[in-house]
Amino acid sequence: MKNPCACSEPQSCAMSSPLTRLSHITLQVSNPQKIITDLVAKYRFRVFAARGLDGVAPCQVALRNEKVVFVVNDSSSSALLYDAPDPLPSPNTACNISYEVEDVPGLCQQLVKNGCHLLVPPSQLHSDAGPVSYCVVKSILGNVRHTLLDRSRYMAAFLPGFQPIENKENDGSPASVTHIDHVTYACPRGTTPRVMEWYSRCLGFKHFPLREEEDPNQGVEISGPQIGLRLTSVECPGRAEVGKIVMAESLPQRGQNQIDQFLLHHKEGGIQHVGLLTPDIFRAARDLANNGVLFASQPTSYYNDPQKEAQILRAGFTPQQLLHFGILLDSCTKFQAQKDEGQKILLQVFAEPLFSKDSFYLELIERRGAQGFGEGNIRALWHSMQDMMDDLSQKVHEEAVTQ
Ligand SMILES: O=C(O)C(=O)Cc1ccc(O)cc1
C-alpha cells in the first residue's frame, strides 16, 4: 500500500474531517474513587458533572482542567451513558476518545458505508437544556472507541443525564494545562498502516510527517541501544483542537519495552498516553510535583551533554531548571516549526502511570512554535519511562516477595 489514504472511495481522501474538536477521554476503571482523587488532588482537575448520584456512588464522573476533560466510568456499572458495553481487555483502561461533530446522522451513514461497526446507533438525549445527538463507533484498534457528539443545541454543563456539580474550590489560579495535544496509541507490530488508513477513511485524519519526506507507511524508526520504536502521526489539518494521534509500535528483536509491556494487558492495542498542552511546563510540573505527581527523571548526563546544554541555554533556561523535574528540551528543525522566525522549542515530561505499572499515563508538553515531536526528546522520554516502569515492576515484585 503506497498511500496511507488508500481509500476504496477516492472522494473520501479529499474529505475534510467531520470532527470539530476533541470533547473528552473516558477512563473505564475498577476503582473510580482512587482515579478521581488522583485527578483532583494531584492533577488539579475539578469534578463538574456526574451521573447516578442518588445516594450511591456515581457511575460516571466528569472532571475538567481548562479544555481537558476526562470522564471516569465505573467499569462494574451496567448503566453507562454515551458509551457501549464492549469487552475491555483490562479492568483499568482509557478506552474512548469522544469528539464533537456537526452532523451525527450524516456521519453515521458515512461510517456504515465505510464498513464501520457502530456500537451505539445515532441516538438523542434531551434535558430541559436541550438535545444532544451521539453515536459510538468502534475503532480499528483494540478497545478504542469514539463517541461522536453534537451538543451545539445543548445549553448546560456537559451532557443530558449528568448533574452539574457546583465547585466552590476554584482558587482562581491559572490552569496548569489547557488542551489535549495528542493521544498516543500502542499498536501491535505491523498494524499502523491499517490504523492510519481507518482514521483517514472514516474520520478524515491526514498523515502528519514527523520527518521530512517521511514515508507514511514506514513512519519514523527510532532505534539504538535499548530503543526500538516506530512512530507515525495523523492530524486533522486546520483543526488543532481535535489533537494529533501518534501511533507507536515496538520494533522486533529489541527485548521487552514499554509498548510490549502495554500490549501484555491490551493485546490488540490501545491508548498508551495522553499529552496535555501547558503554556508553562515549569509551573505545571512544579504544581503537580507539589501535589504528589511523580515524573520520570532524566540522568544528569542528558543535561551535561555540551550540545544539549548549549541548546538549553540558547532557549533561555539553565540545565538545573530542567533537571529538577526531568523536563526535556528539543529545538525543532524548520520542517517541524510553525513559523520561520525564532527558535522552535519543544518541552516535555512524562508522569507516572495513572492506574498501575505498565499502563496509561499523562504527559506535559509545552510547544514554543514547534509542532512535531523532537527525536532527541523521544529517545530520552522512552528511556526515562522505561527506567520508571522497571523501578515500579521491581517495587511490586519486592512487595510480593515480602508479603
Ligand atoms: O513524545 C511523545 O509524546 C510521543 O508520543 C512519542 C512516544 C511514544 C511512545 C513512547 O513509549 C514514548 C514516546
Side-chain angles (χ1 to χ4, degrees), residues 22 25 68 94 97 141-142 144 177 179-189 191-192 195-196 205 207-211 214 219-224 226-235 243-251 254-266 269-278 281 284-285 295-298 302 326-332 336 344-354 357-367 370-390 392-393:
L22 196 158
I25 291 183
V68 182
I97 311 173
L141 183 79
V144 179
V177 295
H179 290 88
I180 291 181
D181 177 84
H182 65 275
V183 178
T184 296
Y185 289 167
C187 299
R189 281 184 195 145
T191 59
T192 296
V195 176
M196 262 179 87
F205 280 84
H207 178 226
F208 173 79
L210 300 170
R211 264 193 207 150
E214 175 188 318
V220 166
E221 267 191 26
I222 301 177
S223 54
Q226 292 160 350
I227 180 166
L229 178 65
R230 185 193 303 287
L231 287 182
T232 321
S233 180
V234 291
E235 65 165 357
K244 293 185 177 69
I245 298 178
V246 178
M247 284 145 282
E249 276 185 26
S250 68
L251 296 172
R254 309 263 167 191
Q256 268 278 313
N257 59 55
Q258 56 211 261
I259 302 295
D260 296 337
Q261 276 163 301
F262 183 92
L263 292 176
L264 285 179
H265 308 289
H266 298 77
I271 300 175
Q272 187 226 22
H273 76 257
V274 170
L276 304 178
L277 196 66
T278 171
I281 199 166
F295 290 105
S297 58
Q298 298 303 322
Y302 171 87
I327 294 170
L328 298 165
L329 178 146
D330 232 347
S331 312
C332 286
Q336 291 205 329
K344 318 298 177 213
I345 302 292
L346 185 69
L347 297 138
Q348 289 168 282
V349 66
F350 281 175
E352 64 194 317
L354 201 60
K357 66 185 184 76
D358 303 350
S359 77
F360 176 73
Y361 57 88
L362 300 176
E363 166 191 343
L364 294 175
I365 181 165
E366 180 181 343
R367 295 185 179 279
Q371 294 309 299
F373 297 88
E375 195 167 318
N377 270 13
I378 293 167
R379 282 179 188 276
L381 282 167
W382 173 275
H383 288 303
S384 63
M385 205 57 197
Q386 203 57 49
D387 289 348
M388 179 143 93
M389 285 186 166
D390 291 347
L392 285 168
S393 296

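Hydrogens, waters and symmetry mates are skipped; everything else that's a heavy atom, side chains included, is used. Note that ligands are numbered from 1 as they come in the structure, with each ligand's atoms numbered from 1 the same way.
- Of the protein's non-hydrogen atoms, the one nearest atom 5 (O) of ligand 1 is Thr184 OG1, 2.8 Å.
- Between Arg189 and Asp260 there is a salt bridge, since a side-chain N of the basic residue sits under 4.0 Å from a carboxylate O of the acidic one.
- Considering only non-hydrogen protein atoms, atom 6 (C) of ligand 1 sits nearest to Leu231 CD1, 3.8 Å.
- Looking at atom 11 (O) of ligand 1, its nearest protein heavy atom turns out to be Gln258 OE1, 2.8 Å.
- With a heavy-atom cut-off of 4.0 Å, Asn377 does not touch ligand 1 at all.
- Atoms CG and CD, on Leu263 and Gln258 in that order, are 11.5 Å from each other to the nearest 0.5 Å.
- A centroid separation of less than 6.0 Å is found between the aromatic rings of Tyr361 and Phe350.
- Between the side chains of Gln298 and Ser384, a donor-acceptor pair is found at a separation under 3.5 Å.
- At the top of the distance list for atom 7 (C) of ligand 1, counting protein heavy atoms only, stands His273 CE1, 4.0 Å.
- With ligand atoms numbered from 1 in the order given, ligand 1 contributes 1 (O) to contacts under 4.0 Å with heavy atoms of Leu381.
- Here is the list of ligand 1 atoms found below 4.0 Å of a heavy atom in Gln348: 1 (O), 2 (C), 3 (O).
- Among all non-hydrogen protein atoms, the one lying nearest atom 9 (C) of ligand 1 is Gln272 OE1, 3.6 Å.
- A salt bridge is defined here as a Lys NZ or Arg NE, NH1 or NH2 lying under 4.0 Å from an Asp or Glu carboxylate O, and Asp181 with Lys244 fails to meet this definition.
- Taking distance alone, with nitrogen or oxygen atoms compared against 3.5 Å, Trp382 stays at or beyond that limit from ligand 1.
- Distances from atom 13 (C) of ligand 1 to the heavy atoms of Phe350, Phe262, Tyr185 show the closest one on Phe350.
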List the steps, then state whether ring pair (Phe, Tyr, Trp, His ring centres under 6.0 Å) holds for Tyr302 with His383. CA-CA 11 Å; Tyr302 171 87; His383 288 303; over 10 Å; no
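- The shortest side-chain heavy-atom distance between Ser233 and Ile245 does not fall under the 4.5 Å cut-off.
- Using a 3.5 Å distance cut-off with no hydrogens or angles, the side chains of His182 and Glu235 do not pair a donor with an acceptor.
- In this structure, Glu363 counts as a contact residue of ligand 1, since one of its heavy atoms falls inside 4.0 Å of the ligand.
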